[in-house]
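All values below were derived from every heavy atom in this structure, side-chain atoms included, with hydrogens, water molecules and symmetry-related copies excluded. Chain naming here is simple, since letters A, B, ... match the order of the sequence lines and numbering starts at 1 in each. Quick caveat, the model's predicted, so the values are computed rather than measured.
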2 protein chains.
Amino acid sequence: MRSDGVDSRRTDTRERAVGVALSLFAQRGYTATSLREIAEQLGITKAALYFHFRTKEEILTAILRGYLDGINALVVDAARPLTADGQEALLRGFAAHQERWGLDLVMLVRQNYTEIHGLPIGAEIKSAMRSLIEALSPEGAGPEQRLRVRLALSAFQIAAVTASIEDDGDEATLRASAYPIALEILRGGKPA
Amino acid sequence: MRSDGVDSRRTDTRERAVGVALSLFAQRGYTATSLREIAEQLGITKAALYFHFRTKEEILTAILRGYLDGINALVVDAARPLTADGQEALLRGFAAHQERWGLDLVMLVRQNYTEIHGLPIGAEIKSAMRSLIEALSPEGAGPEQRLRVRLALSAFQIAAVTASIEDDGDEATLRASAYPIALEILRGGKPA
DNA sequence: GTCTATACGAGGATAGAC
DNA sequence: GTCTATCCTCGTATAGAC
């Protein structure tokens with residue numbers, strides 16, 4: 001009998017499954033990806049996957065959980081009212097968050113908007129993004145001002161997609177160029 | 001025997017099918033949409049659909065054909081070398097093109113990037129977009145300059161998505177705000 | 001934790017009647 | 001042009017052995 005809290009039957013299959021699923025969902029789409037494909041890449045069977053997740057949707061939710069937490073952490077850390085420095089810091093934080101999660105996550109969200117939207121965690125992500133946009137906007141901003149913020153944030157995604165899928169420039173360089181452009185969009189073309 | 005060139009068996013089913021499919025593919029995704037759903041909305045059966053299209057992919061291709069032609073027309077009409085006025089005209093042309101095809105088409109392309117990418121017409125669209133970006137870029141522009149162009153073009157898409165899905169502002173207003181922002185991104189924040 | 005076997009439905013696609 | 005009927009494959013999910 002063990003009492004160290006470590007179960008000898010423990011494996012890292014669940015974590016590995018999340019990684020494999022992220023990659024496949026991003027590249028082939030959530031609906032188009034079957035549990036068989038995921039299981040195959042893991043070297044186990046479909047049935048074994050059901051030990052770790054109750055449904056396919058649960059796999060998708062597991063992938064998105066960490067991403068969501070990252071966004072929420074950014075918003076919580078942001079100081080209000082927003083100073084110019086605070087705005088830059090928040091923007092950098094978002095860029096780092098995107099870089100950390102990588103292209104697969106960006107593509108996953110873009111390509112499976114509908115499916116994610118229908119999940120409980122989809123509503124949470126939407127709400128978190130709204131908060132982030134609100135935090136980056138000037139006090140009492142209208143929809144047009146928030147459009148600038150949305151565009152600024154999308155710059156990092158577009159840079160990543162351009163580098164890898166459009167094959168037009170290397171990722172590090174484009175990511176570096178994206179930041180000043182994002183800041184410029186945010187500030188409305190006016191110098192600080 | 002008729003000789004007026006009009007076949008009495010002709011219907012508008014094919015065109016209607018393209019419209020219905022566009023709407024469904026955009027809202028639910030290509031893979032997630034079944035031929036049964038499309039047929040149901042048309043008031044016919046799956047089998048009848050196969051009279052008009054040989055495969056499901058052919059429906060998707062039919063949807064994208066007109067969109068692609070519109071992009072190519074823009075590029076052909078663009079004068080080179082690019083004057084400031086020509087640049088503005090081309091940008092306006094793209095905005096009009098996007099408006100004409102509507103949100104469904106934007107969502108279709110975003111949400112089904114992988115599936116479209118795998119089709120012959122996907123390569124054509126990619127190539128057309130490259131030409132458009134090239135046409136909007138200064139002579140001898142590098143990847144970083146082209147990133148600005150990509151961002152400018154995405155402004156119209158993001159405006160449309162923001163209005164309808166994010167529900168943050170009305171479409172006409174956001175579209176109107178998107179144009180000057182796009183121009184500003186294109187020009188690098190420097191006044192004309 | 002993972003397996004084999006299987007239930008059950010839905011998918012795309014075709015054949016042939018009308 | 002559209003239908004009914006059918007084929008075959010693949011999907012998610014479960015039962016029960018090891």
Side-chain angles (χ1 to χ4, degrees), chain A residues 1-2 4-25 27-63 111-112 114-116 118-120, chain B residues 1-2 4-25 27-64 111-112 114-116 118-121:
Chain A
M1 199 144 27
R2 330 177 48 119
D4 57 3
V6 175
D7 191 327
S8 63
R9 287 164 303 185
R10 240 191 180 342
T11 62
D12 61 346
T13 303
R14 194 191 149 99
E15 303 158 43
R16 287 198 304 128
V18 168
V20 167
L22 166 57
S23 165
L24 286 172
F25 288 167
Q27 284 158 34
R28 312 170 42 81
Y30 173 73
T31 315
T33 302
S34 68
L35 296 177
R36 186 189 48 73
E37 290 174 291
I38 298 174
E40 223 160 61
Q41 279 210 16
L42 286 169
I44 61 174
T45 62
K46 276 193 294 176
L49 261 182
Y50 276 93
F51 175 82
H52 300 282
F53 307 92
R54 287 209 323 277
T55 65
K56 189 185 180 185
E57 284 188 352
E58 195 176 298
I59 302 180
L60 182 54
T61 300
I63 293 172
Q111 282 204 76
N112 301 283
T114 306
E115 287 93 338
I116 293 173
L119 261 39
Chain B
M1 201 148 20
R2 333 179 44 121
D4 55 4
V6 175
D7 190 327
S8 61
R9 286 166 305 183
R10 237 187 178 350
T11 61
D12 61 346
T13 303
R14 193 189 149 100
E15 304 157 42
R16 288 197 304 128
V18 168
V20 167
L22 166 56
S23 165
L24 286 172
F25 288 168
Q27 283 158 34
R28 313 168 42 80
Y30 173 74
T31 315
T33 303
S34 68
L35 296 177
R36 186 188 47 75
E37 289 175 289
I38 299 174
E40 224 160 60
Q41 278 210 17
L42 286 169
I44 62 175
T45 62
K46 272 195 298 175
L49 261 181
Y50 277 93
F51 175 83
H52 301 280
F53 307 92
R54 289 210 319 279
T55 64
K56 190 184 179 186
E57 285 188 352
E58 195 177 297
I59 302 180
L60 182 53
T61 300
I63 293 173
L64 295 170
Q111 281 204 77
N112 302 284
T114 307
E115 287 93 339
I116 293 173
L119 260 41
I121 199 167

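If you take CG of A/Leu42 and P of C/dC3, they are 10 Å apart, rounded to a whole angstrom. At whole-Å resolution of the value, CD in A/Glu58 and P in D/dA13 are 10 Å apart. The interatomic distance linking A/Ile44 (CD1) with C/dT2 (P) rounds to 6 Å, in whole Å. Rounded to an integer number of Å, the gap from CZ of A/Phe53 to C1' of D/dT14 is 18 Å. The distance between atom CD1 of A/Ile38 and atom P of D/dG11, rounded to the nearest whole Å, is 11 Å. The interatomic distance linking B/Arg14 (CZ) with D/dT2 (P) rounds to 13 Å, in whole Å. Rounded to an integer number of Å, the gap from CG of A/Leu49 to P of C/dT4 is 14 Å.
One finds the CG atom of B/Leu22 at 10.0 Å from the CG atom of B/Leu60 (value rounded to the nearest 0.5 Å).
Under the rule for a salt bridge (Lys or Arg N to Asp or Glu O under 4.0 Å), the partners of B/Arg36 that lie at least two apart in sequence or sit in another chain are B/Glu40. Evaluation of the side-chain contact (heavy atoms from CB on, under 4.5 Å) rule for B/Ala47 yields B/Thr45 as partners, not counting sequence neighbours. Every residue two or more places apart in sequence or in another chain that forms a side chain to side chain donor-acceptor pair (under 3.5 Å) with B/Thr13 is listed here: B/Thr11. Partners of B/Ser23 by side chain to side chain donor-acceptor pair (under 3.5 Å), not counting sequence neighbours, listed by chain and number: B/Gln27.
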Letter per nucleotide, 5' to 3', of nucleotides 7-14 of chain C [B base touched, S only sugar-phosphate touched, - untouched; heavy atoms, 4.0 Å]: ----SBBB

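Among pairs with a residue in residues 31-54 of chain A, none fulfils ring-ring contact (aromatic ring centres under 6.0 Å, His included), at least two apart in sequence or across chains.
Between D/dT2 and B/Thr45, no contact under 4.0 Å exists linking OP1 or OP2 to a side-chain N or O.
With D/dT2, D/dC3, C/dT2 as the choices, the nucleotide that has an atom nearest any side-chain atom of B/His52 turns out to be D/dT2.
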